[in-house]
Each structure stands twice: as C-alpha cells, then as structure tokens.
Number of protein chains: 2
Amino acid sequence: MAVVPQDTHKKNGRAADDVVRCLVAKIHAGEYPDGSQLPPERSLMEEYGISRTVVREAVQTLSRQGLLEARPRYRPVVRKPGYDAAISALENVVTHLLSDQNGVRNLFDTRIMIEVSLVRRAARHAVKEDIAALKAALEANEAAIPDSDLFYQTDRAFHGVLYDIARNPVLPAIHSAYVTWLSPQWSQMPRLPQRNRENFEAHQRIFDAILLRDPDLAEQELRDHLDSAWLQVCRTFDQDRG
Amino acid sequence: MAVVPQDTHKKNGRAADDVVRCLVAKIHAGEYPDGSQLPPERSLMEEYGISRTVVREAVQTLSRQGLLEARPRYRPVVRKPGYDAAISALENVVTHLLSDQNGVRNLFDTRIMIEVSLVRRAARHAVKEDIAALKAALEANEAAIPDSDLFYQTDRAFHGVLYDIARNPVLPAIHSAYVTWLSPQWSQMPRLPQRNRENFEAHQRIFDAILLRDPDLAEQELRDHLDSAWLQVCRTFDQDRG
DNA sequence: CGCCCTTTCTGGTCGTACCAAAATATCTGC
DNA sequence: GCAGATATTTTGGTACGACCAGAAAGGGCG
C-alpha cells in the first residue's frame, strides 16, 4: 500500500521516469536555460539510447507539470514554472475534489483562513502604498456597482490587492487559484446592483478596519463578508437543485 | 451521450486530450467507480477509434495527475484522488520553486501564516478532544527530547495536530506538503538535545496559550517558534556555503 | 480439492511509417 | 541584390505492428 520510492534507478518498468529525472536535473542545473527549446525528440532518443515513445512520454510528463511548454508542432520550450504553473497542474484533481458541496466548502474555508491572515497582516503592517492600492481598488469597485460584470472584476481585484500586500509571490498564485476553482460556483449567481452595493460596503468596512489598524475588526468584517458570500452561493445552489 | 471522439478531430493536435477529458468525465460521473480498473488499452483504442499510442498518452496523463494508479504491469486503477494526491502532482514544479533560498523563504512564510491561523483558531475554538490530542502530542514530544530522530517525528506530529483541529481535510494535506518540501532544509540541521528542549518548550508555550484561550499570545508564541526554526535553518545553510 | 504448469492477457518498449505544419533552404521575378 | 514565392528538410503527432515480461486465468495431475 505504501508506495515507497526506493532506488531511483531501479529498472522498474518506468524507463521514462529516468529520462524525466535527468531532464529535470538538466533544466534545474541550467543546462537547458529558461526559454530555450529542447533538442528534437529524435536527438534525445539517440542521446539516451531509448525509443521515441519513451522520449515523448517524458516530454509529455514535464509538459503536463509545467516545466515544458509543448505546443502542437513546435519544439518544447523550457519554462521555469511560476507559482501559477503549479496551480494549473492541479486542475483535474481539484475538479474532482470540488465535485461535491463539501469539497467546495472545505476549499472556501481555507480561503477564509488565508484572507483573514491577510487582512490581519494588512491591518498591522500595511504601508502607504498598500493603503493607496486598496483605496484605488475600492473606488474602482464602487464605480462598478451598476455593472455586475465589471463589479465582479473589481471585486476580485480588491481581494487580489490583499494577496499582494504580503509581497509573497506564492499568495497571488493562491488567489488566482481560488478565483479559478471557485468561480464555477460564483458565476451562476444572479448579479444585482443591490448585492453589489452590499459587497462593496463590506469591502469598505474591511478597508476602514485596516485603516484603523484594528486586526480583530478587520478579521471580523472579512469573515462577515465571506460568510455572506457563501450564503449567497448556497442559496443559488439550493435553488438550482429545488 | 456517448462521447464518440470520431468528430473530435477538430481539436488541434492533441487527440489524447479528448480522451483525457472523456475519461475524466466518466470517472467523474461514476461510470468508472473508485477502485475499479480501467478497460485494457486495447479495448479503449477500439472504443475510441484511436491508436494505442494515444490511449497510453491519456492514461499516462491521468496517472501523473493522480486520477489513476498505474503500476507497471497492472490494469490502471481508478483513484478518486485525495488532497494529498494533488500535492504530489506538484513535486517537480515545487522543486524548481524551492531551488533558491528565496523560494524556501516564501513557502515558509506561508506556513507561518497558516499555522498562525491554526493556533488562533485553536485558541478560540478547540474542544476537549483537541486539547487532549495536543497534550498527548506534547508529552510524546517531551519524552523524545533525548532522541533527535524521534523528536523530529513528534515535532511534526505536534504541528500536525494543529492542522487537524480545523477538521478541514485540505489542511492535513497542506501540512504534509510543508513537511515534504521543507524537510530537505531541515534534515541537514544538526540535532541537539539542547535544541530539542528549546523547541519542546516553544511547543509547550503554544499549548499553554491555547489553553488560556489567548489567540494573540498563541500567535506570538508560534511566530517566535517558527522564526527561531528559520534562523536555525539559515545558520545551517550559511555554514554550508561558507 | 489443491498445486503446478501452460496459455492468454496486458502493459512497457521498440521500430517503422506517414502526415501536416513549421523551419529552412532554394529559386524566381523585379 | 533582395523580397517574396516555392521547394525541401525538419519535427512533432499518430498509427500500426511486433516483441517482451510479468500477471491472470485456465487446465491437467496428484
């Protein structure tokens, strides 16, 4: 049951895995710089003494993982993956995990947890530029109240600023993951200027709490905001089922 | 309803992608229940009217993503992936992102962020069983002070309890991801009973703060603990370089 | 009935061949 | 001489067939 990866060079079945490891190492070592293109498959099969089948299998693996960008009939291009590439590698798996309301709720809970951390952090450590960015996002959000599509965009952008404040490149990637994975739930919701206004006001309260340097208040406002959003989603979802 | 991929030629290049989508859909729909085994490749190639090459490519993709478990000479087994399967799909990408000290720091910062949330939550909402679990983990940790390997295990276990308290299955997966990805940095550190005792005492202080239902104190103790751990790692790392 | 051996099945790898599109070389017209 | 059109080569995508080795299934013998 426990799949314990033992010797890395066991001739065990997977010939492609060796090639994958080797290519990863070479990319890692800079032998294939970022942006350069991999040798042709036919060269690789000579170099490694394997068939093209195996080469293609290895290339495909790396491509799916985001280390290579393999467009249909171009040479594979080496891509040092960003944090967002990591996210996209999860697509199919996450789709499964979100197949039930429970999975969505679990993911949403982690989002609440993260954003709570972010607003607390912002309330304590935000500098002038952060405040300015938040203010700008907030104003754009307010201006978009009549236009639900635009409001959705500015909504995401406002939350996105929160993820930027920590200046940790992992976080924006997580934000974009949340947006991508949770949007199916969100997109089916009816968009009303009334709801938009309520959401904007929630954003405003969060912003105010950050201005007040009050982490606890900011946390509370954010929780209220996201809990409310969750209720909206649930109502929409239940309506669809009923 | 049968997605007969004869007309899927329209798609550019990737014939395998269509098969992947189709198989994902069928797994998703329960047509291939969890734990069941996929039809033989030779059946699939008839069913979809494609060559075995493409079948194998699709199977391999799903396997790499964790939706299938494809051992060397067995039929692929359908696996509704857990949150941990998602983590393992990131292995190669994360390896890249952690190739420099910056990436490690960024990841570690998110760990601090998450665990801060967890201890705050624990301080506010932990129930008797949670406290008991923490207490047990703490005692095991204390008993392991003389044995550095065992101490490492109990250390992880103590933090793991924190991830369990929220009863969100995403979180333990994240914990195991942190352990997996950050352990290369950690494992090179010298293990001294003296350091073990300091770490244990940090755990104790965190536990006490949770007992006191004091989120702010718990947060502070945790930050001190993890910051200290980071400093240890840095010292080790700098020594290696110097 | 159970053990052992043989046959079949199945995935892993290889090799060849062909196609279509991209890249490159070549040619043509000005 | 050079730009643009054309022919050639390269290269990835797919198909087909073959072989191997281990696993599963079937059958014969004790």
Side-chain angles (χ1 to χ4, degrees), chain A residues 1 3-23 26-27 32 35-79, chain B residues 3-23 26-27 32-33 35-79:
Chain A
M1 50 171 68
V3 183
V4 182
Q6 57 282 51
D7 307 342
T8 50
H9 275 304
K10 187 98 175 281
K11 186 61 179 72
N12 183 4
R14 310 281 189 194
D17 281 0
D18 293 333
V19 182
V20 167
R21 269 188 290 273
C22 194
L23 288 180
K26 287 192 175 180
I27 294 176
Y32 297 136
S36 71
Q37 40 188 27
L38 230 55
E41 297 178 354
R42 288 168 176 85
S43 305
L44 289 176
M45 70 185 260
E46 280 187 17
E47 177 178 347
Y48 289 91
I50 54 181
S51 78
R52 198 149 81 96
T53 308
V54 178
V55 173
R56 288 184 51 73
E57 198 175 323
V59 168
Q60 194 228 347
T61 293
L62 294 180
S63 158
R64 298 271 178 194
Q65 292 189 332
L67 275 75
L68 294 181
E69 181 185 348
R71 289 176 311 176
R73 277 170 198 82
Y74 293 76
R75 300 264 288 278
V77 176
V78 178
R79 282 269 173 260
Chain B
V3 184
V4 182
Q6 280 296 351
D7 57 353
T8 50
H9 288 44
K10 62 186 173 81
K11 274 302 179 183
N12 46 3
R14 309 283 192 193
D17 281 359
D18 295 331
V19 183
V20 167
R21 268 187 291 272
C22 194
L23 289 179
K26 288 191 175 182
I27 293 176
Y32 296 136
S36 71
Q37 42 187 27
L38 229 57
E41 297 178 354
R42 289 167 174 86
S43 305
L44 289 176
M45 69 184 261
E46 281 187 15
E47 177 179 348
Y48 290 91
I50 54 180
S51 77
R52 199 149 82 95
T53 310
V54 177
V55 173
R56 287 186 51 73
E57 198 176 325
V59 168
Q60 195 231 345
T61 294
L62 295 180
S63 156
R64 298 266 181 200
Q65 293 189 331
L67 276 75
L68 295 180
E69 180 185 346
R71 290 177 310 171
R73 269 165 283 280
Y74 292 76
R75 300 262 288 279
V77 176
V78 177
R79 281 268 172 260

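In what follows, chains are A, B, ... by sequence order, proteins preceding strands, each numbered from 1. The model shown is predicted, which means the values in this text are computed figures rather than measured ones.
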Original post:
Rounding to a whole Å, what distance do you find between B:Glu57:CD and C:dG11:C1'?
Top reply: 16 Å

Original post:
Are any of A:Arg75's side-chain N or O atoms less than 4.0 Å away from OP1 or OP2 of D:dT11?
Top reply: yes

Subject >> Candidate nucleotides D:dG12, D:dA15, C:dT10, ranked by approach to the side chain of A:Glu41 - the nearest >> reply: D:dG12

Original post:
Would you say the side chain of B:Tyr32 lies within less than 4.5 Å of the side chain of B:Leu38, judging by non-hydrogen atoms?
Top reply: yes

**OP:** Inspect the surroundings of CD in A:Glu47 and state if more than 12 heavy atoms from other residues, nucleotides or ligands are less than 6.0 Å away.
**Re:** yes

**OP:** Would you mind telling me which residue lines up with the more 5' stretch of DNA chain D, B:Met45 or A:Leu38, judged by nearest nucleotide?
**Re:** A:Leu38

Original post:
Between C:dA21 atom C1' and A:Arg73 atom CZ, what is the distance in whole Å?
Top reply: 6 Å

Subject >> Separation of D:dA15 C1' from B:Tyr48 OH (nearest whole Å) >> reply: 19 Å

Original post:
Choosing from C:dT13, D:dA15, D:dT11, which nucleotide comes nearest the side chain of B:Thr53?
Top reply: D:dA15

Subject >> Distance in Å, A:Arg52 CZ paired with A:Glu41 CD, rounded so as to fall on 0.5 Å steps >> reply: 5.0 Å

Original post:
Where the side chain of A:Arg42 is defined as all heavy atoms beyond and including C-beta, which of C:dG11, D:dG12, D:dT14 is the nearest nucleotide?
Top reply: D:dG12

**OP:** With the side chain of B:Ser51 defined as its heavy atoms from C-beta on, choose the nearest nucleotide among D:dT14, C:dT13, C:dC14.
**Re:** D:dT14

Subject >> Approximate separation, where rounding is to 0.5 Å, of B:Gln37 CD and B:Leu68 CG >> reply: 11.5 Å

Subject >> B:Arg64 side chain near A:Gln60 side chain, heavy-atom distance below 4.5 Å >> reply: no

**OP:** Starting from P on D:dC16, measure out to CG on B:Leu44 and report it in whole angstrom.
**Re:** 15 Å

Subject >> Residue A:Arg56, side-chain heavy atoms: nucleotide from C:dG15, C:dG12, D:dG12 that is nearest >> reply: D:dG12

**OP:** Measure from OH on B:Tyr74 to C1' on C:dG11 and round the result to the nearest Å.
**Re:** 12 Å

Subject >> A:Arg71 CZ to D:dG12 P, straight-line distance once rounded to whole Å >> reply: 13 Å

**OP:** Under 4.0 Å between any heavy atoms, over every strand shown, what does A:Arg52 touch: base, sugar-phosphate, or nothing? Just pick one.
**Re:** base

